[in-house]
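Below, chain A is the first sequence line, B the second, and so on; all start at residue 1. Hydrogens, waters and symmetry mates play no part in the numbers below; they use all other heavy atoms, side chains included.
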Number of protein chains: 2
Amino acid sequence: MKNSKILYQHGTLALLVPGLLTGTTTMGDLLAHGDTGIGTGEGLDGELIILDGVPYQIDSYGNANVLKDDFIMPFANSHFADYTEIGTISNANPADFEKVALEGKPNSNTFFSVLVKGTFSYMKTRAVVKSTRPFATLAETAKNQSIFEKENVKGTMLSYYSPALFHGAAVAGFHNHFLADDHLFGGHTLDFKITEGTVSIQQFDTLEQHLPVDDKEFMGHDFSKDDIAKVISEAE
Amino acid sequence: MKNSKILYQHGTLALLVPGLLTGTTTMGDLLAHGDTGIGTGEGLDGELIILDGVPYQIDSYGNANVLKDDFIMPFANSHFADYTEIGTISNANPADFEKVALEGKPNSNTFFSVLVKGTFSYMKTRAVVKSTRPFATLAETAKNQSIFEKENVKGTMLSYYSPALFHGAAVAGFHNHFLADDHLFGGHTLDFKITEGTVSIQQFDTLEQHLPVDDKEFMGHDFSKDDIAKVISEAE
């Protein structure tokens, strides 16, 4: 069952846009589909990163909390780690990182994940403040976020790349979360500078897209009036 | 392994648009993921329909051929049948059928399949003529198609519904293939009138989207210049 070619995703980024922020899967279920992943909690409760089977939440106070199996999420993905180290990277900004991760191609037509482990001379992250019912739209909810900055931090950046065709299901291009080695800093990355790090890649051949079909609010929502692609490009 | 909540899809409709028509999976592999399905052969070689584990190809001469396990396809989907009959339908055109299949909702946010078994007072189908390398675009290739019409035909219409968010991966809305009970008529439906039939529905919670990552032409293609959504809406 541990097929490392599969990227499992619960929910879509699109459903966050109109504010469908109800938790519709549990961390226990997400971990059954992988030991590595990212996501967010109900009400956009922090930025999640799963490394080596341990799920962490960076909350809007900047704390990294280890999550229990009953933690619920509207949107998250996971996979079983089987990375191949492709080299080291140094003195790199996000554009440099993306170039290395794409290994010379202008883009990719399949999903893949990248891990960078090393020292970052600069890391800027955000964590959204958990909102409560009735949930507002993604654009409104995401305004209420904490921004964190740190210099010279050691840690792991976990990145997922989605092909342009699937923009809306996920965010097209790279989506990166970070966790410091000392677990005192992390979040959804907004900007960074890698001093030196190893780069490892894992390519998938399958997206296992799971939808919250038991959630009446999701199933009954009319997405035709939400400007999904535009809002996602702005919010992420 | 036979999870009837999963819709398996190999390839995307998008990759047909620029003419990536190489067969990248086999019927044997497709049948491992389901006993029911639709698709097309390499070079858009006919319209495929799998019913009760038997794969048929309606070719451009109008013949229904039973396919072998080594038949190759660029794009196809399958699932394990577990339909629930929701009622009968009579005197129904495509709009009436869609209304019944959506059970009163304006649209659906998840994938589902519909089977209509009965008598059709009118059925109009098409089957694309197989093209050879170098493959032209979908718009060019699809011009070369046979149109078939039949009155008072008994058979099965197999339909798949894809949510708007996944337009490009599949075609948003309904996509229907037909096979007559006598196996002498079928294809991709263009128009129909149901005299009387039973309607059965199977809802999925997962799209298992498999991509042809070993195909260099696909992996190296730059889709950014293909007007995927528009071309698909016109061709399908």
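- Within residues 21-30 of chain A, no residue approaches chain B closer than 4.5 Å by heavy atoms.
- Taking 4.5 Å as the heavy-atom cut-off, the residues of residues 99-113 of chain A that approach chain B are N107(A), N109(A), T110(A), F111(A), ordered by number.
- The parts of H221(A) that come within reach of chain B are both its backbone and its side chain, each placing non-hydrogen atoms under 4.5 angstrom from that chain.
- Note that NZ of K5(A) is 12.5 Å distant from CG of L211(B), once rounded to the nearest 0.5 Å.
- Of the two parts of Q9(B), neither the backbone nor the side chain holds a non-hydrogen atom closer than 4.5 Å to a non-hydrogen atom of chain A.
- A distance of 10.0 Å separates OG1 in T206(A) from NE2 in H10(B), rounded to the nearest 0.5 Å.
- Contacts of residues 38-53 of chain A with chain B at a heavy-atom distance below 4.5 Å are absent; not one residue qualifies.
- Separation of atoms CG (D205(A)) and CG (D214(B)) is listed at 7.5 Å; rounding is to 0.5 Å.
- For the atom pair Q209(A) CD and I6(B) CD1, the distance stands at 12.5 Å (nearest 0.5 Å).
- When every heavy atom of T12(A) is checked against every heavy atom of F166(B), the shortest pair comes out as CG2-CZ, 4.2 Å.
- Residues of residues 156-164 of chain A lying under 4.5 angstrom from chain B, judged on non-hydrogen atoms, do not exist here.
- Note: L207(A) CG to H210(B) NE2 = 12.0 Å, rounded to the nearest 0.5 Å.
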